[in-house]
K.L.:
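Sending over a structure as structure tokens; questions will come in a sec.
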Amino acid sequence: MDRAPSEIGYSVGESVSTRKIVDRLRLTLGVEPEDARSSDWYAATAYVIRDSLMPHWLAGARQQKVEGRKHVYYLSMEFLTGRLLGNAVLALDAVEPLKKAFAELGLDFESIQAEEPDPALGNGGLGRLAACFLDSMASLDVPAIGYGLRYEYGAFHQRLEDGWQREYPDIWLHTDNPWELHRAEATREVKFGGTIKRRDKGWSWCDTEDLLALAFDTPVPGWRNPMVNTLRLWSGAAREPISLEAFNRGDHPGAARARVQAENLTQVLYPEDSTPQGQELRLRQEYFFVSASLQDILIRFGATNSDWSLLPEHAAVHLNDTHPALAAPELLRLLMDERHLDWDAAWKVVRQTLSYTNHTLMPEALETWPMDLLNRVLPRPAQIIEQLNEQLLSELAAGSAGPDVCERMSLIDTTSGRARMGHLSVYASHRVNGVSAVHSQLVRQQLFSDFAARSPERFCNVTNGITQRRWLAETNPYLTDLIDARIGVHWRNDLEMLQGLREATDEASLISEVAAAKRANKVALAHYIAKKTGNKVDPNSLFDVQIKRFHEYKRQLLNLMQVVARYQRIVANSQTDIVPRTVIFAGKAASSYWMAKLIIKLINDVAGVINEDARVRDLLKVIFLPDYGVTLAQRIIPAADLSEQISTAGTEASGTGNMKLALNGALTIGTEDGANIEIRDAVGAENIFIFGNSVAEVAALRTDGYEPRAYYDADPELKSVLDSIAAGNFSPDEPDRFQKIVESLLVHGDHYQLLADFRSYLDAQDRVDALWRDPNNWYRRAIVNIASMGSFSSDRAIRDYARHIWDVPVREVGS
Ligand code: 26Q
């Protein structure tokens, strides 16, 4: 059973008090209570909470040193942690003492919390997954360090100007960050450029330009668990930040050049684009954090060990997509050039240590780097990649593989001269996994089929998960309270316990409690919508939500086409009892992804017309909430009735928003894609609205020749929707504005097959409306969804990784 906080040595009740907060305010921040602004109170509170974590953080590090337990090192270019205060307060069970202290001080918990910047050090699903995994590892007693980059500017802030997305810098470090500690003793040096020279044995990399990697640590607390893990983010700095020689000559820009160049390295997060265009700075970022992290890992190991062959028993180094793929050549380099292992010994260690998760199948999103760029920026790692490729090709030849197989599997694409980072990651890892059952199958059968055919045992699936601590306990207090009252609090570390709600699904009292919680959350969101957009929405309407990055494959456009069809039905008065809906969109588009940005503009133009049309009354509202991120997700998700997960089958690797929404009692309308399939299996087909072509059907259409026009010609409602957009009905000031969108569907092949799924999507939406008219039945199904989300906890995912990939012990359920 779970231990009470007092049993594990927490005495937070005493450490969080009015006096402590006021002391911090005066002694650390130098502000008197009567002068303090909300942001000062926030900082003082954060320091007090950090103080409570600190003994556990220190004790953990000390203990690890003695016990030498195997660590997981999670290498990720992105971590979307969300705000940390609320999470730490929950982990420490300090909610009540803090509320009491705030009441005494006359402070409002929510507005103080709102002072914390949301660190947007990631683009979307991959970055948020990394944050959920850190939370789960800390909660499950897995010693772990997340390694990444401390971007000075995270994901841009999105504002809407006349319905267009505009990007503004995210200056999240403008105030002191109370959560991070600069660890000066952990500064590492990273080499760039230079040349390689032969030594008596092996090679040396010389005449390099070295940069410093400064380590900034953030604590990662587990729920009611004394283990506090670390997120270590690297920041670029110059060895000689100023050239006094240049300064004295009066060359002030020249004097600062090295510093500016070094700081540029970690200045901005690269956007997840439709096509990542191999920019040199991105490559430098990738190598910088990989090299600093691996040096760190080897130094930690080397402090108590001298036999490098034992590294895999002490360290599991995980690659979150190919972004850290240079870990393969870099670990080889560090072991050979600096620890003097021979190639074979080093290679064995590398393969046993590394593992890799793939997050995308889309060919245009797979990373490759030109070898000439690699040779110039990173000559020694580039040379090692070439040697690895020779080794692979000779292994293939020994296995009598033909030239076409060699060509396909080669780490370097000979026609383009580019290194394939996916191939490199697969070759250098002992395990490769996809992130949902269907995705992992496609990884094996399509993406890396040649590798999978030769070593099937290295390929596996770990379906994604989400942490219920943030995505239910913190995000949805109303639902949390009623669940706690029914089944106790321990679902926070055993989500399968939610099954306990299943037997009560038919109880009128549970149904009405869940409905009341949902309504309260919708009222709160309606207030927020009014404040942010000036639109009044009815909390009694069905809140239909699509929140995720903008990508053509995610098909926000299909959703919008459904909205236009609904609008046309309302105006034509063709249907008598129409279910009132509020359709909510949120999400960012990469700044260079013009099609995605045009779709955002279309949504806003359609919203403008529909929301102003008196004939529509309260039957339909369209809302675009700007600046989607973790904090906004935490507002929207508890208030959602319907979760839109409508990607073309075979394109969304997993999705994790689908899990968060279902856990908060939304029903899913979705395609047979990613984890939707497993969600259907868990909740039962009658409790989810699945529509559209399957992976096989999508593929068959592609090979047999897909003709979007045929669908357009055959379906008057579809035709009317597209004609209306094309005619400029939503953009009378510029009728041609959305021509390119309509053309992409009708002229340029409708790559994501929106037209093929349109009718089946509308039919599914009709089934949604029918169920909504029967509220008892609706909420009963919502409860089944909540109760069935147990296996979508990131705790389950981490247990899978721990057992099948990392080989580390993990706390078992209920122990
Ligand atoms: C690559 C090169 C250059 C610049 C940017 C990038 C880049 C950055 C971020 C490429 C991809 C990403 C992010 C991908 C991502 O978030 N994928 C999502 O991962 C989730 C977690 O596994 C899945 O649930 C989603 O299905 C998947 O889309």
Side-chain angles (χ1 to χ4, degrees), residues 74 76-80 120-133 148-149 151 154-155 268-287 318-326 356-369 373 418 420-422 425 433-440 442-443 461-467 547-555 587-593 628 630 645-661 670-671 673-679 792 794 797 800-801:
Y74 199 83
S76 179
M77 287 284 274
E78 308 194 358
F79 288 93
L80 270 176
L121 308 186
N123 281 293
L126 168 148
R128 181 55 231 177
L129 186 75
C132 282
F133 282 2
L149 286 170
Y151 304 106
V268 276
L269 165 78
Y270 268 91
E272 180 210 355
D273 215 330
S274 49
T275 46
Q277 311 110 352
Q279 298 197 23
E280 181 172 333
L281 187 63
R282 166 87 185 184
L283 178 68
R284 287 176 179 265
Q285 285 187 338
E286 294 186 352
Y287 181 67
H318 198 80
L319 313 180
N320 198 23
D321 214 292
T322 56
H323 315 155
L326 288 166
Y356 155 58
T357 299
N358 171 277
H359 296 265
T360 186
L361 297 167
M362 285 196 288
E364 68 272 24
L366 297 175
E367 277 191 303
T368 60
W369 292 105
L373 177 66
R418 298 173 79 98
R420 297 163 165 156
M421 305 316 268
S425 304
N433 74 287
V435 289
S436 71
V438 66
H439 169 70
S440 295
L442 294 171
V443 164
N461 172 57
V462 181
T463 299
N464 283 166
I466 57 169
T467 166
I547 47 175
K548 48 185 78 245
R549 276 189 81 93
F550 270 79
H551 249 291
E552 285 159 283
Y553 82 80
K554 295 178 189 280
R555 302 201 295 193
K588 295 173 181 172
S591 46
S592 62
Y593 193 173
Y628 186 60
V630 174
Q645 307 299 337
I646 60 176
S647 50
T648 317
T651 62
E652 189 69 272
S654 158
T656 46
N658 46 3
M659 302 167 187
K660 293 163 198 164
L661 284 154
T671 46
D673 201 17
N676 296 351
I677 298 174
E678 287 151 87
I679 292 177
F792 299 98
S794 45
D800 286 354
Y801 279 100

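Just so you know, ligand 1 is whichever comes first in the structure, and atom 1 is the first atom listed for that ligand.
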K.L.:
Do the side-chain N and O atoms of His318 and Thr357 include a donor-acceptor pair separated by under 3.5 angstrom?
P.N.:
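Thr357 and His318 do have a side-chain donor-acceptor pair below 3.5 Å.
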K.L.:
What do you reckon, does Thr360 put a non-hydrogen atom under 4.0 Å from ligand 1?
P.N.:
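In this structure, Thr360 fails to qualify as a contact of ligand 1 - no heavy atom is under 4.0 Å.
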K.L.:
Yes or no: does His323 have any heavy atom under 4.0 Å from an atom of ligand 1?
P.N.:
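Contact check His323 vs ligand 1: positive.
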K.L.:
Got Glu652 and Asn676 here, is their nearest side-chain heavy-atom distance under 4.5 Å?
P.N.:
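No, every pair of side-chain atoms sits at 4.5 Å or beyond.
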K.L.:
Does the side chain of Asn461 come under 3.5 Å of the side chain of His439 through a donor N or O and an acceptor N or O?
P.N.:
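On atom types as modelled, these side chains do not qualify, holding no pair under 3.5 Å.
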K.L.:
By number and element, which atoms of ligand 1 are closer than 4.0 Å to a non-hydrogen atom of Pro271?
P.N.:
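Ligand 1 atoms under the 4.0 Å threshold to Pro271: 4 (C), 5 (C).
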K.L.:
Does a side-chain heavy-atom distance below 4.5 Å link Glu272 with His551?
P.N.:
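Yes. Closest side-chain heavy atoms under 4.5 Å.
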K.L.:
Is there a polar contact between ligand 1 and Glu652, counting only N or O atoms under 3.5 Å apart?
P.N.:
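Such a contact does occur with ligand 1.
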K.L.:
Can you sort out which atoms of ligand 1 are near Ala653, meaning under 4.0 Å from one of its heavy atoms?
P.N.:
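Matching atoms, with element in brackets: 26 (O).
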K.L.:
Checking side-chain polar atoms at under 3.5 Å, does Thr656 have a donor or acceptor matched by the opposite partner on Asn464?
P.N.:
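No - no donor-acceptor pair under 3.5 Å links their side chains.
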K.L.:
Apply side chain to side chain contact (heavy atoms under 4.5 Å, CB included) to the pair Leu366 and Thr322, showing each step before the final yes or no.
P.N.:
CA-CA 8 Å; Leu366 297 175; Thr322 56; over 6 Å; no
K.L.:
Show the nearest heavy-atom pair for residues Val443 and Asn358, with the distance to one decimal.
P.N.:
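The answer is CG2-OD1, 3.8 Å.
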K.L.:
Under 4.0 Å, counting heavy atoms only: does Gly655 come that close to any atom of ligand 1?
P.N.:
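Yes.
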K.L.:
Which of the atoms in ligand 1, numbered in the order shown and given with their element, are less than 4.0 Å from a heavy-atom of Glu367?
P.N.:
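Listed by number with element, the hits are 2 (C).
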K.L.:
Kindly confirm or rule out an N or O of Leu126 lying under 3.5 angstrom from an N or O of ligand 1.
P.N.:
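Yes; the residue has a nitrogen or oxygen that sits under 3.5 Å from a nitrogen or oxygen of the ligand.
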K.L.:
Minimum heavy-atom separation for Leu326 and Tyr287, please, with both atom names.
P.N.:
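Taking Leu326 first and Tyr287 second, the nearest heavy atoms are CD1-CB, 3.8 Å.
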K.L.:
What atoms of ligand 1 come within less than 4.0 Å of a heavy atom belonging to Tyr553?
P.N.:
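Going through ligand 1 atom by atom, the ones under 4.0 Å from Tyr553 are 28 (O).
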K.L.:
Under 4.0 Å, heavy atoms only, figure out whether ligand 1 is touched by the backbone of Val435, its side chain, both or neither.
P.N.:
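It is the side chain that touches ligand 1; the backbone stays farther off.
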K.L.:
So which heavy atom on Gly650 is nearest to which on Asp673, and how close?
P.N.:
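Between these two residues, the closest heavy atoms are N-OD1, 2.7 Å.
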K.L.:
When you look for heavy atoms under 4.0 Å from ligand 1, do you find them on the side chain of Glu78, its backbone, both, or neither?
P.N.:
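Within the 4.0 Å criterion, Glu78 contacts ligand 1 through side-chain atoms alone.
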K.L.:
Do any nitrogen or oxygen atoms of Lys554 lie less than 3.5 angstrom from nitrogen or oxygen atoms of ligand 1?
P.N.:
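By distance alone, the answer is no.
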K.L.:
One residue to check: Arg128. Relative to ligand 1, which of side chain, backbone, both or neither has a non-hydrogen atom less than 4.0 Å away?
P.N.:
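No part of Arg128 comes within reach of ligand 1.
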K.L.:
Compute the minimum heavy-atom distance from Arg549 to ligand 1 and say whether it is under 4.0 Å.
P.N.:
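In this structure, Arg549 fails to qualify as a contact of ligand 1 - no heavy atom is under 4.0 Å.
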K.L.:
Measure across Tyr628 and Lys588 and return the closest heavy-atom pair with its distance rounded to 0.1 Å.
P.N.:
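The answer is O-CE, 3.3 Å.
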K.L.:
Just distances here: any N/O of Ser654 and N/O of ligand 1 closer than 3.5 Å?
P.N.:
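Looking only at distances, the answer is yes, because the N/O contact criterion of under 3.5 Å is met.
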